[in-house]
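Just so we're clear, the structure is a prediction, and the values are computed from it rather than from any experiment. So you know, we letter chains A, B, ... as the sequences are listed, proteins then strands, and number each from 1.
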Amino acid sequence: MPAIVELNNVVKEYPLGKLVVTALHDVSIAITKGEFTAIAGPSGSGKTTILNMIGCMDVPTTGTVKIDGTLTNNLDDHALTTLRLNRIGFIFQSFNLVNVLDVRQNVEFPLLLQGKLSSKDRKLRVEEMVEKVGLTKQMTQRPNELSGGQRQRVAIARALVTNPAIVLADEPTANLDSTTGHAIIELMRDLNANDHTTFIFSTHDPKVMERATRLIMVADGKVV
Amino acid sequence: MSSFFLAIRLALRNVAAHAIKNLVVGVILCFGTIVVVSGSALLNSLDVAMRRSITTSVTGDLQVYDKTARDQLSMLGDMNFGGSDNGEIPDYKVVKDALAGTPEVAEVLPMGIGNATVFGANDIDRTLEDLRAAVRSGDTARQTTLVERLQRICTDIRPELDRVEAITNDKEKLTEDRANLDRVIAPAFAAEFTTDPMGTIDWMDGHIASLATDGRLAYFRLLGTDLPAFARTFPRFEITKGGPVPEGERGIVLNESMVEQWLKHPIAREFDWFQKEFTQNGGAIGTSGTVFDRVARMSRQYRRILYQLDSEEAAVLTPLLQAEVGSQETDLVALLKSFLTVTDENFAQRKAFFYAQIAPKIRLYDINVGDTLPLRAFTKSGYLKSLNLKVYGVYRYKGVTNDDSAAGAYCLVDMPSFRDLYGKMTDDQRAELADIKSSVGAKEVDPSASIEDQLFGGGGAVETTVSEITTLENLDSMTFGRVEDRVQHTFTQDQIENGLATNVAVILKDPAQGKAGLTAVQAALDKAGLNLQVIDWRAASGLVGQAATVVQLVLFVAVGVLFLVAMVIINNALVMATLERTSEIGTMRAVGAQRGFVTLMFVLETMFVGVGSGVVGVGIAAALISWLHGVGIPAGNDFLSILFGGKAMYPVMEAFDVALGLGLVTLVSTIATIYPAVLASSVPPVVALQGKE
Ligand SMILES: Nc1ncnc2c1ncn2[C@@H]1O[C@H](COP(=O)(O)OP(=O)(O)O)[C@@H](O)[C@H]1O
Ligand SMILES: [Mg+2]
């Protein structure tokens, strides 16, 4: 089976004044479709930077990133954005919902950007996703009316609504209590099991790592 | 497409979510829109009113004048106050013929702008003049009252000489003056007069007249024109006293504002001025300030009444004044002084009394319809020329109140008289002059020599048949009706048209097509090889037109500043909003929104605020303008009534004003959004992953 994500000798450097911070040293990772991968490591080890590379938010200083067969190195901002919109779903540590939109509209957001579905199909798809994360009753509520766990469920629905090849989650449970966090990981695990969506998430929580089918440990910008 | 609607939805949501910020921005933009829309409506209404008023009063739609003129032609007031050089058009007929085939032109009218002065006679001069007439007609009763009036004037002047004593070195002259006055005051003078009336009058002319306060110098702005054609062409021209100058005859028609301002009796003018001050500016005499000072000065001007009263009139007035001021005083001087001591309480009563009892007994106006005016002007060739013209009437521009401004206050004279005062001679006149010169052996006048040289030099005055070149002696003794008239009294239409003009008014068939008309007229003049320029009424109106431009400029600057401030505020508010929303923008970018989407979202947000407040602003401006349309904007003075073409302006709002307001407000808010929107669109998607909530 071909790798859906392929990082080869990725180095990422950040200029910091006169200094250069090297966030990733020669990282090579290959992830196969359908995996439920945890990237684990202490704070500052480079987990978010790896997710940035995979999520096409940024390009490596040297080395290559291949997402679903596409090399990202030479893509411009517009192409990277299109790639993110169509192939990748994002779940963030701080949920990052659009505050002025309600649950339905937040979930609908990527579909509207895509502009592929008719409004009827869009409605059905949104309702299906909201039901999957169990928020049908909260459909018309705004993010500030929801609990942390509920918000993260909205984020999961938003990440999955476009049927992406990969879903990335950067410490999705870090802002949640352990029970809620656990429930969120279980939800993601279910979606992975049922729809075979590839999940890659970062965490420094050993309990969360346990749930992964594959574990990549990083420390000081290197895979260990 | 769906992403466009998403951007709209987000923009609308953001407008609501950031209500306070958008309210501040909205109020500023709304205010800006009100200023733009109502300002534009007012200016356009003013423009329409001005065009209607000015083109139908004096300028016509276009004015033609000398291309080589040093100054710009300005018919309604200029910076040089009559000293401007507008060049000249040697022969009006040539211009008329050149424009005859231009289809845009409805009418052309010759004009000549010039100045003249008239020395008003002093009270002794006038009385002596009347006395002469009374002697000639043998009216002895009238002679007696006039002599008595002279005696009263001299009695009043006598103490003045004591005051003069302190400041003069010429004691000899003073002694002589005292003796002369005493001779007139003496009871025996009446008998003395009857023995040699004319001789006594001449003696008084030489020895007494100069002791009275000088008569006033009146300044006339003259507009020479084809008078009957002028009256036909300018519908606002309206004779209010007397009548028009008969066709083909010489004469002058005075301007009502000019008459009120310069020729009215000073005390009447003071009463009028106070009245205006009270009713218009809500002033009161009070106990200090300009009005108080002027009121205080009025009682010292009792002579202006006293010197014009006969003994009979004085006798009639004395008991009336006693009743009016509530005093048993019998001395008329004391009575007049106390009558002219005006307070807030007695003002209305005193003014009414003045107009009812005193005005009919004095000369309310220095010059009246029927008088012959000795106009004097320095001609272009340097002569001082005088010309007697009969005053046929007084005119005004319809709808213009007479007040204190003299914009457009021309006194209208016939074309030949204008030319005489202007000083250019026709060939006929030149030939005739040469004839006379050779017959009387007069000295050729060198136009380049100074006036003094011409007046004093070479001995003997130079005379022309056109009018009199005044020597210094007769300049001094000049009074009404005494300048010998040698002018040709009647003339033909050809004589009006053949000859010099300073400018030509052009009336267009379609005044709305001013630009096309101007081009056509200029082309016709160029084709005829005439070195003349054409300007529109706005340029021709001079200061008035410039005033409108200044108002426009002020509004323009005000709007500019207002919108600049608005732009800075919008820009700051949006930059702050961008910083606040970095995480949200980053999330949108991460999730797949392009840069353009973010930009669009921001631009739409301010556009909604802009258009929203613009619409509200237009609504408020519309209400304001329609209210003003109902009540009218009063023209506080003559200048404004010329601009407004009436006592008030009734502004209207047009689609253009609305479009301008909405267009500007949208433009301004869009420009103000460019920087913050670019800033927002450059938020990198990675911030979403760094975001803290
Ligand atoms: N934009 C950046 N500029 C400079 N240094 C950065 C930037 N992003 C990350 N780093 C540095 O790279 C290293 C890895 O960071 P990160 O990937 O966020 O670690 P983790 O997610 O495991 O906590 C850290 O030392 C961090 O300070
Ligand atoms: Mg991290």
Side-chain angles (χ1 to χ4, degrees), chain A residues 14 47-49 51-53 55-58 76-102 105-106 108-119 122 142-144 148 151 155 158-159 161-162 164 168-171 175 202, chain B residues 1-22 574 577-602 604-606 608-609 678-693:
Chain A
Y14 290 110
K47 304 183 293 292
T48 299
T49 309
L51 289 180
N52 278 342
M53 295 299 127
C56 304
M57 308 261 224
D58 211 343
D76 63 8
D77 181 78
H78 191 273
L80 287 172
T81 306
T82 310
L83 195 68
R84 286 199 298 275
L85 176 61
N86 294 323
R87 301 295 177 79
I88 301 162
F90 288 93
I91 297 161
F92 306 97
Q93 180 180 336
S94 333
F95 325 130
N96 293 28
L97 299 175
V98 179
N99 285 323
V100 294
L101 301 179
D102 64 17
Q105 291 159 342
N106 264 288
E108 195 185 19
F109 191 93
L111 291 178
L112 287 170
L113 288 178
Q114 282 185 330
K116 286 178 189 161
L117 297 182
S118 70
S119 72
R122 209 161 56 220
R142 294 255 181 125
N144 58 6
R151 290 187 210 185
R158 179 179 66 184
V161 77
T162 56
L168 301 177
D170 192 22
E171 308 211 25
N175 281 5
S202 68
Chain B
M1 211 51 210
S2 58
S3 71
F4 180 71
F5 290 116
L6 179 63
I8 291 179
R9 180 194 285 168
L10 280 166
L12 284 173
R13 292 285 166 92
N14 282 327
V15 170
H18 306 271
I20 298 290
K21 178 210 89 177
N22 285 318
L574 282 181
T578 307
L579 297 180
E580 269 168 30
R581 291 188 229 165
T582 323
S583 162
E584 188 175 292
I585 297 162
T587 305
M588 290 181 189
R589 295 279 286 120
V591 166
Q594 298 286 0
R595 274 162 169 264
F597 178 85
V598 177
T599 310
L600 182 68
M601 191 176 77
F602 267 75
L604 284 175
E605 185 177 332
T606 14
F608 288 140
V609 175
V678 167
L679 195 70
S681 74
S682 51
V683 169
V686 288
V687 302
L689 278 75
Q690 298 156 352
K692 300 276 171 303
E693 208 170 18

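- Contact annotation for Glu171(A): neither backbone nor side-chain heavy atoms come within less than 4.5 Å of a heavy atom of chain B.
- The minimum heavy-atom distance linking Phe92(A) with Ala590(B) is given by the pair CZ-CB, 3.9 Å.
- Proximity to chain A is limited to the side chain of Glu584(B), based on heavy atoms less than 4.5 angstrom apart.
- For Thr82(A), the parts lying under 4.5 angstrom from a heavy atom of chain B are both the backbone and the side chain.
- One finds the CG atom of Leu97(A) at 8.5 Å from the OG1 atom of Thr587(B) (value rounded to the nearest 0.5 Å).
- Proximity of Arg589(B) to Met57(A): side-chain heavy atoms (C-beta onward) are nowhere separated by under 4.5 Å.
- Taking the side chain as every heavy atom from C-beta outward, Arg581(B) and Val100(A) never approach each other to under 4.5 Å.
- Annotation: maximal heavy-atom pairing with chain A below 4.5 Å, among Ala17(B), Gly596(B), Ala593(B), Ala16(B), occurs at Ala593(B).
- For chain B, no part of Arg87(A) is nearby; none of its heavy atoms comes within less than 4.5 Å.
- Residue Arg595(B) holds its CZ atom at 8.5 Å from OG1 of Thr81(A), rounded to the nearest 0.5 Å.
- Residue with the most contacts toward chain B among Thr48(A), Asp58(A), Leu101(A): Leu101(A) (heavy-atom pairs, distance under 4.5 Å).
- Closest non-hydrogen pair, Gln594(B) versus Asp77(A), comes out as OE1-O, 4.3 Å.
- In this structure, chain A has a heavy atom under 4.5 Å from the side chain of Phe597(B), while its backbone stays farther away.
- Nearest heavy atoms, Val591(B) versus Leu85(A): O-CD1, 3.6 Å.
- Counting only residues at least two apart or in different chains, side-chain hydrogen bond (donor to acceptor under 3.5 Å, both in side chains) contacts with residues 1-14 of chain B comprise Gln105(A)-Arg13(B).
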